[in-house]
Amino acid sequence: MAQTYDHQAIEAKWQASWEEAGLFKIKEDSTTPKYYCLEMFPYPSGRIHMGHVRVYAIGDVIARYKTMRGFHVLHPMGWDAFGLPAENAAIEKGVHPKIWTQENVAYMKKQLRRMGLSYDWDRELNTSQPDYYRWNQWIFLKMVKQGLAYRKRSAVNWCPSCETVLANEQVLAREGKDGGVCWRCESVVFQKELEQWFFRITQYAQELLDGCDQLTSWPAPVLAMQRHWIGRSQGVEIDFPLADTRKDVTAIRIFTTRPDTIHGATFMSLAPESPLVEQLIEGLDEADAVRTFVERVSRLDKATRTAADREKEGVFTGAYAINPFTQEQIPIWVANFVLYEYGTGAIMAVPAHDQRDFEFAKQYDIPIRLVIQNPDGTLVPDALDAAYEEHVQAGVLVNSGSFSGLAVPDGKQAIGEHVEKQGWGTCTINFRLRDWGISRQRYWGTPIPMLYCEKCGLVPVPENQLPVLLPEDVPFTGKGESPLKESPSFSKATCPTCGGTARRESDTMDTFVDSSWYFLRYCSPQDTNQPVNPQAAQHWMAVDQYVGGIEHAVLHLLYARFFTKVLRDLGLTTVDEPFVHVLTQGMVTKETYWCEEHRWVLPSDTTTEHGQRLCGHCGKAIVTGRTEKMSKSKKNIASPDELCDRYGADTARVFSLFAAPPEKDLEWSDTGVEGCYRFLNRVWRLVHEQLPVIGNVNESVESKQSELLTELQRATHHTIQRVTGDLDRDFQFNTAIAALMEYVNQLYKLMKDYPANTLLADERAGWQSALDTLLLLLAPFAPHLAEELWETMGHTSSIARQSWPVFNPEYVVTTEWTIPIQVNGKLRSKICVPAGSTKDQVIAAAQSDAKIMEWVQGKTLRKVIYVEPKLVNFVI
RNA sequence: GCGAGAGUGGCGGAAUGGCAGACGCGCAAGACUUAGGAUCUUGUGGGUAACCUCGUGGGGGUUCAAGUCCCCCCUCUCGCACCA
């Protein structure tokens, strides 16, 4: 017999066989319950990495397990194929993004097939193909009609040297430079205002927030992030009239969550971008200084600008407002920390009770007035060294006119009501969530289907003219505001309204649009009439289990929820939420190696002498660095291709499921991989060694319930119970596999203890059943090996089509209980009693145990605890 | 700063309030072998000859019983980061 099984041959054989049989093609079926298992589809970057291996192994086990449990399972796969890297490849290597993407998809698909994943490839999607992205355009047009898509001016990162727009991740921080720099040329990036398209996700803010309460099977951290991102806060908008009316401006409206502190508002601040600034300063002596400040602040990129540790800066506008409650005249400033996009873009500043205002007031010598006293009454107005923000709401209003003496919550309410009664403002809700800017000045994305007509203005492309195809005649230079503007053929169009000449929108959509509804498209991927077939969606939605990286915890999942609600309102689906269960798998990490001369080094470029790892280049000692996420730069990558060559897909799958629970980080270990390979080989040898035993089941005539049979049955059903429980309870693959390993260890022991030539007929049948069960339980994890051995055992229909073994509690009943005995909570002995013994019998047996007698001798027995059938505790 | 999560052998990790360390790696000894980086067997938290004893980041508490529940503290990781 061969020492190790031939994983290469076996895996290729079964992959071909499954494909030929169309084993994983799925249709709607009303006779069995449906199950929709989905893993986040990959960006076709070129090669799959271990993170992919992990996430797709997880999804595949779930899909195969649920199939065996009797569900008809939708398990599709596709490609998130639009995006920046394809365009960068075009600029750097001159390969067209389409070709680059196609080649990558072809290679990665081969790699995924090699992992033995049970996808219905008939449903494959590719978001960069017109038959997909035309529906992005279709949805976009519907959203325009609903007022959910609109245009407004917004800032982009602009590299003056490349003359191009940069994505946030293309803006890098550089020491000593105030603001980010271009990733390619290192010029300082600045902000440039362009007209851009937005989705009004804020219209669904409250529903998205409320919906979180339904998502009880989502990971708590993900829900927390969603809620925080939506960021609802209740407050009051209040007008502060100007001391001198200027032009059309009579008042400045602010938003505050702390109306109770309004008597302490000693100045106001505007966001630098606020149009009010220019209106206020016109003609004032301060105007020039203000303009200089505004310009300096607003050219900074967002990340730098909003860094929390950034120094608070501002400038006085020269204008004053009236605090409506105190009638005092207070100065209006412009401050770098005030956000234009949030609230009204203006704040009332209460330095005594807001730390930011406090720091600002200290710096510019603005009065600080205490209006909330703490419960102890110990705050001294002139001696504050920080704002008193008191989050517990235990303070009392002071220096607040007729409101003095109220507790903070009462003060909030009373002042809010007073504001509304006086007509100074309204109680209101604000969200942190902003509208979703989807315009990208890029080529490799969905063209936004809008036209600019000289006569009619902004005109949507008619639905029957979709798709607006990406042009092929685009030079990839990395320069220019937008590649589509460089196409000679693309921009020129005819206005569908007046027939005159029109210019096409040259922006493309954010690729998050593509992934916001692809799970709906999988339900009816070939429908040519609509993005989603409502009947198909009705059948399959919602996704029962979604698996993917935690990095998508906020944006992707939020946008997908938003789109689901929009498409629901369009009548394409009836579900409110797209994903019932979400599993966020951890990163795949590996040790790093550092040589002081050669920096990060590959494990294969090191040698080991006397337990010390040395650099293969210079022989210097290697420092073992932190265990980090696999990355090329740290040289701590393991390759899925090599892994499959050497150990096979089954080993790759088993290791990535065994080494850690799915939601935690998984530390890659070459020796750990070997351990899993050994395990699979043990299974292979076990089945082959026992084949003669089960081969002639019918030959022997004797039959009786034997010790061996009991043992086999107990081990088998105990394992069924454990593996099923681990899978049903949060997909604890690691412990499920551990249970299978124990089971194999037990079977080896039974094989050794009961030689083959002594076996009775029922014992042979017991072995057959035990081995069959082993293979069935192993099938979701190591499908190729299980399938091969299933055939070896003489079965003719695919193991993937078999039913999951059923746990029978009768087989795990024992005739004896082994009960640990404690004295004062410490383990002192163990006793064996017949199963079913009464409490008194067990305690009597425990008391007569020799060791226990020693411990309790001469002591007063104060209490006896008996937990059937687990434990006895004598308290003395 | 705010929010979330995590600290258990040499390592990855197991433990519905009930025998801490399952399973795997590594290590040690042995068997088989021309050989073994194959395979198999046995052992493997610390201290101790043993009986025992100590032990789940630290300190308190609840309980007959705490890795698990409660309070305080420390460390680490992740997310958000001036949202008024």
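As a basis for the values below, the full set of heavy atoms in this structure was taken, side chains included, without hydrogen atoms, waters or symmetry mates.
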side-chain N/O A/Arg828 vs B/U53 OP1/OP2, d < 4.0 Å: yes
Distance test, side-chain N/O of A/Asn745 to OP1/OP2 of B/G24, below 4.0 Å: yes
Rounded distance in Å between the C1' positions of B/C25 and B/C19: 25 Å
Same-atom distance (P) from B/G55 to B/U68, integer angstrom: 14 Å
Side-chain donor-acceptor contact under 3.5 Å, A/Arg232 with A/Asn430: no
Touch class at under 4.0 angstrom, heavy-atom based, for A/Arg678 against every strand present: sugar-phosphate
OP1 or OP2 of B/C54 under 4.0 Å from side-chain N/O of A/Lys826: yes
Polar side-chain atom of A/Thr202 near backbone of A/Ala205 as donor-acceptor pair, under 3.5 Å: no
Distance-only donor-acceptor test (3.5 Å): side chain A/Lys830, base B/C19: yes
Who pairs with B/A6 - Watson-Crick or G-U, where each distance is under 3.5 Å: B/U75
Short side-chain N/O contact to B/C80 OP1/OP2 from A/Arg432, under 4.0 Å: no
Partner nucleotide of B/G36 by Watson-Crick or wobble geometry (both distances under 3.5 Å): none
A/Arg685, nearest nucleotide to its side chain (from B/G12, B/C40, B/C64): B/C40
Interatomic distance where CE belongs to A/Met225 and P belongs to B/C78 [whole Å]: 12 Å
Interatomic distance where CG belongs to A/Asn430 and C1' belongs to B/C83 [whole Å]: 8 Å
Flag side-chain contact, heavy atom, 4.5 Å: A/Met348 against A/Ile330: no
C1'-based separation of B/C74 from B/G24 [nearest Å]: 32 Å
B/U56 and B/C11, which share atom name P, separated by this distance in whole Å: 15 Å
Heavy atoms from other residues, nucleotides or ligands near CD of A/Gln234 exceed 12 (cutoff 6.0 Å): no
Sugar-phosphate only, base, or nothing, as touched by A/Gly343 at under 4.0 Å among non-hydrogen atoms: nothing
Between B/A28 and B/G60 - P atom distance, rounded Å: 40 Å
Sugar-phosphate only, base, or nothing, as touched by A/Arg434 at under 4.0 Å among non-hydrogen atoms: base
Sugar-phosphate, base or nothing in reach of A/Thr257, heavy atoms under 4.0 Å: sugar-phosphate
A/Ser233 vs A/Gln732, nearer the 5' end of RNA chain B by closest nucleotide: A/Gln732
Distance test, side-chain N/O of A/Thr735 to OP1/OP2 of B/A22, below 4.0 Å: no
Selection from B/A22, B/G24, B/C82 that lies nearest to any side-chain heavy atom of A/Glu742: B/A22
Nucleotide of B/A84, B/C80, B/G12 approaching A/Glu667 most closely (side-chain heavy atoms): B/G12
Short side-chain N/O contact from A/Arg227 to OP1 or OP2 of B/C80, under 4.0 Å: no
Heavy-atom side-chain contact between A/Thr317 and A/Val315 under 4.5 Å: no
Any A/Arg722 side-chain N or O less than 4.0 Å from OP1/OP2 of B/A22: no
Touch class at under 4.0 angstrom, heavy-atom based, for A/Val875 against every strand present: sugar-phosphate
Closest to side chain of A/Pro661, choosing from B/A14, B/A84, B/G18: B/A14
For A/His7, the option from A/Trp684, A/Tyr647, A/Tyr677 that meets ring-ring contact (aromatic ring centres under 6.0 Å, His included): A/Tyr677
Spatial distance of atom CZ (A/Phe679) from atom CD1 (A/Ile737) [nearest 0.5 Å]: 7.5 Å
Value in whole Å for how far the P atom of B/G13 lies from CZ of A/Phe679: 20 Å
Protein-nucleotide distance (A/Lys851, atom NZ; B/C52, atom P), rounded to Å: 6 Å
Side chain of A/Ala738 - closest among B/C23, B/A84, B/G13: B/C23
CZ/A/Arg434: more than 12 non-hydrogen atoms of other groups inside 6.0 Å: yes
Distance between C1' atoms of B/G21 and B/A31 (Å, rounded): 29 Å
Length of the line joining A/Leu270:CG and B/C82:P, which is rounded to integer Å: 19 Å
Cation-aromatic face contact A/Arg432/A/Tyr342, 6.0 Å, 45 degrees: no
Per A/Arg646 side chain, nearest of listed nucleotides B/G37, B/A22, B/G18: B/G37
Distance below 4.0 Å between A/Lys863 side-chain N/O and B/C64 OP1 or OP2: yes
Closest nucleotide among B/G24, B/G18, B/G26 to the A/Thr671 side chain: B/G26
Under 3.5 Å on both distances, the Watson-Crick or G-U partner of B/G45: B/C54
Between B/G18 (P) and A/Ile819 (CD1): distance, integer Å: 16 Å
Side-chain N,O (A/Arg729) to OP1/OP2 (B/A15) below 4.0 Å: yes
Anti/syn call for B/G9, syn if |chi| within 90°: syn
Base B/A84 paired with A/Arg258 side chain (donor-acceptor, <3.5 Å): no
Interatomic distance at P, B/U63 relative to B/G58, whole Å: 23 Å
Given B/C82, B/C25, B/C64, the nucleotide with the shortest approach to the side chain of A/Lys312: B/C82
Sugar-phosphate, base or nothing in reach of A/Val864, heavy atoms under 4.0 Å: nothing
Rounded distance in Å between the C1' positions of B/C73 and B/A29: 46 Å
B/A14 OP1/OP2 closer than 4.0 Å to side-chain N/O of A/Asn734: yes
Rounded distance in Å - CZ (A/Phe255) to P (B/C83): 12 Å
Exercise: do A/Glu359 and A/Gln363 side chains pair donor with acceptor under 3.5 Å: no
Selection from B/C23, B/C19, B/C82 that lies nearest to any side-chain heavy atom of A/Phe658: B/C23
Nucleotide B/C40, atom P - distance to NZ of A/Lys749 in whole Å: 15 Å
Touch class at under 4.0 angstrom, heavy-atom based, for A/Gln355 against every strand present: nothing
Closest to the A/His228 side chain, choosing from B/C80, B/A4, B/G18: B/C80
A/Gly672 vs A/Trp855, nearer the 5' end of RNA chain B by closest nucleotide: A/Gly672
